[in-house]
There are 2 protein chains.
Amino acid sequence: MNYQIELRHFIYFLAVAEELHYRKAAEKLFISQPGLSTQIKQMEEILGTQLFVRDKKKVQLTPAGAYLKKEVEFILNHLDQTKKQVKLIGSGQMGEVRIGFLGSAMQSVVPDLLLQLKEKFPGVHTTLEELSNRSQINAILADRLDLGFVRLARVPKGLEVKSVFEDTFSLVLPAGHVLDERDFKHIGQVANEDFILFSQDYSPMYYDTVLSICEDSGFVPNVSHKSVHAQTIFKLVENKLGIAIVPTTLQHGFQMKVKFIEMKNIKQRAVLSMVWKSDNRNPALQNCMDLLLKL
Amino acid sequence: MNYQIELRHFIYFLAVAEELHYRKAAEKLFISQPGLSTQIKQMEEILGTQLFVRDKKKVQLTPAGAYLKKEVEFILNHLDQTKKQVKLIGSGQMGEVRIGFLGSAMQSVVPDLLLQLKEKFPGVHTTLEELSNRSQINAILADRLDLGFVRLARVPKGLEVKSVFEDTFSLVLPAGHVLDERDFKHIGQVANEDFILFSQDYSPMYYDTVLSICEDSGFVPNVSHKSVHAQTIFKLVENKLGIAIVPTTLQHGFQMKVKFIEMKNIKQRAVLSMVWKSDNRNPALQNCMDLLLKL
DNA sequence: TCTATTTGATAATTCATACTTATTGATTAT
DNA sequence: ATAATCAATAAGTATGAATTATCAAATAGA
């Protein structure tokens, strides 16, 4: 009667919370459904709180269950990371920093940073993952990621941000476009063209900034396509399906039949920021931040 | 051979890490020393890392063990906190109650109620949304809302209603109108004026009631304008585009050049009711209702 | 050098309980 | 109506965490 919560409970709970279906969850866990039922029930008894509502053909989380789900996700992620760190420290290496980045960050600062990190802390292993702004924020909050490179004006409470690179914007035109660098005065000259932009979901800040650039020239762009890949955007421009506005450094690393016209005379900049959790417990990240904040 | 780490391991580990002495740690844990030894050993096997150095008469933490100790402390603390929170949310002392209300409820009961709620359950967070009767009912049925303040005679099955406030009706006239409070006897005196009422969609009950008030005086009102905003109605009256009949408490909170004549002698009342779902699972709402139903 | 004492690790055994299979009762779909 | 699907319950099994008993190694005191 006087049991203790165990990690097993959490893993089972998470499976049910995700599937909202006992049999499916049990299959995923490779255990029998009755076993799962009793374990969840026991868990509810230990916590003294109902976690699921099972009424007639459907399983749902209670408010307490929904809260617990978030916490359990965090705890299990943190535990995984801790296990890795323990192994690394135990084997004499220093640790791991899990880094997320927007595709557009790979052209400018991130490679530099990785080189510096490798030099100063050869023992620190880094993992890299290309993710959207939103995914990075969520991953950092859930402790699946230590450090993110995003383009965001604001971040949730509990996270710290530091701007690391300010880039001008460039107009991207098909190679044979009539407008040339010499003739270019302002963006209003291409107001009638179709625009190809990064999706608003992918980077709201980028989207807003581009709109504000156009607004400053007195027009609302006609957005014909949206994409999350620079590659795709350039390809579309190359095929004359529209023109684009992107951070200037994005021109490096792609072989495309497009021309870039840097817009130095406008005030808007593409700001790339680092984000991390104020209370991140990864000792390798501490070292990493000490280095990075000095740059 | 293929075990999993469990919280038990962490608790045992922490005891040993604190005591640096197996027998003493075992005593503290109320288990036998050999049991503790095997569990720690198993833990080291699972993690693939040595956590303690036991050489000749003394037990000490390895670097990996020292790191793990810090993390285990954090995890166990966080877990304790989470358990407490889950209990609080489960018992309704903490959580969120999503409240909808008709604009006209903001003048009378809702603010009072919120104050009382904050006082008794400081942990319960409330969200407020101004919605029409119909929108509130739909939102409650769809579980997007926990509690609504409506003016309705009937509600769909599965919902509960309780009248919370009965307001008299007032006649709203332009400031310079010939009819005065002293001269006023019955609504028939203004039978020939244009009437400005809340839309029938917005509150069918209000609309019906106003019609019945007029009917009792033997006339059918000429409705020239309809609106969903009290603000608009008063503005129209101010500009002599008609007169209105509204719940009396609506006169508070607006700065308008209109005069109110309260009609105490008629039987009709503007009834404000609470609505909620009988089988709402939100524990915070349960507490909220316990409080409210006592008033 | 010999005990006596203390340490953590083994060995053998016991016992709690997480898990299994079999079944039920309730609900929905055909 | 019949079949199918769901979670809960019941009874039995087996895994492994605990126990007791013991050991080997180290220290300290005579």
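Chain letters run A, B, ... following the sequence lines, proteins first and then strands; every chain starts at 1. No experiment lies behind these values; they were computed from the predicted model shown.
- Under 4.0 angstrom from either OP1 or OP2 of C:dT17 there lies no side-chain N or O belonging to A:Q39.
- Listed by chain and number, the residues in a salt bridge (charged side-chain N to carboxylate O under 4.0 Å, His left out) with A:E6 amount to none (sequence neighbours excluded).
- Taking A:K84 as the reference, A:E96 meet the salt bridge (charged side-chain N to carboxylate O under 4.0 Å, His left out) condition, with sequence neighbours excluded.
- Residue contacts shown for A:E6 are absent, as no nucleic acid heavy atom lies under 4.0 Å away.
- Residue pairs meeting the salt bridge (Lys or Arg N to Asp or Glu O under 4.0 Å) criterion with at least one partner in residues 12-25 of chain B, sequence neighbours excluded, are B:E18-B:K28, B:E19-B:K28, B:R23-B:E27.
- Going from atom NZ of B:K58 over to atom C1' of C:dT6 covers 16 Å, rounded to whole Å.
- A straight line from CD of A:E45 to C1' of C:dT17 spans 14 Å, rounded to a whole angstrom.
- Legend: residues meeting salt bridge (charged side-chain N to carboxylate O under 4.0 Å, His left out) with A:R144, ordered by chain and number and at least two apart, are absent.
- One atom, CD1 of A:I5, and another, P of C:dA18, lie 11 Å apart when rounded to the nearest Å.
- A:E71 pairs in a side chain to side chain donor-acceptor pair (under 3.5 Å) with only one of the listed residues (B:H78, B:Q85, B:Q81), which is B:H78.
- Listed by chain and number, the residues in a salt bridge (charged side-chain N to carboxylate O under 4.0 Å, His left out) with A:K69 are A:E73 (sequence neighbours excluded).
- Across the protein-nucleic acid pair, A:E19 atom CD and D:dC6 atom C1' stand 15 Å apart, rounded to whole Å.
- If you measure from atom CG of A:L36 to atom P of C:dT21, you get 14 Å, rounded to the nearest angstrom.
- Considering only the side chain of B:H21, C:dT7 comes nearest among C:dT7, C:dT21, D:dA7.
- Listed for the B:N133 side chain is a donor-acceptor partner under 3.5 Å among the backbone atoms of B:R151.
- The CD1 atom of A:I31 sits 14 Å away from the C1' atom of C:dT21 (whole-angstrom rounding).
- Residue-level contact check: A:Y12 touches the backbone only, with heavy atoms under 4.0 Å from sugar-phosphate atoms and none from bases.
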Could you list, one pair per line, each protein nitrogen or oxygen that sits under 3.5 Å from a nitrogen or oxygen of nucleotides 9-16 of chain C, together with the distance?
{"unit_1": "C:dA9", "atom_1": "OP1", "unit_2": "B:R54", "atom_2": "NE", "d": "2.9"}
{"unit_1": "C:dA9", "atom_1": "OP2", "unit_2": "B:S37", "atom_2": "OG", "d": "2.8"}
{"unit_1": "C:dA9", "atom_1": "N7", "unit_2": "B:Q33", "atom_2": "NE2", "d": "3.0"}
{"unit_1": "C:dA9", "atom_1": "N6", "unit_2": "B:Q33", "atom_2": "OE1", "d": "3.2"}
{"unit_1": "C:dT10", "atom_1": "OP2", "unit_2": "B:K41", "atom_2": "NZ", "d": "3.1"}

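- Distance CZ (A:R23) to C1' (D:dA8): 15 Å, rounded to an integer number of Å.
- Within the 4.0 angstrom heavy-atom criterion, only backbone atoms of the sugar-phosphate kind lie near B:Q42; the bases stay farther away.
- When the C1' atom of C:dT20 is taken as reference, atom CZ of A:F30 falls 17 Å away, rounded to whole Å.
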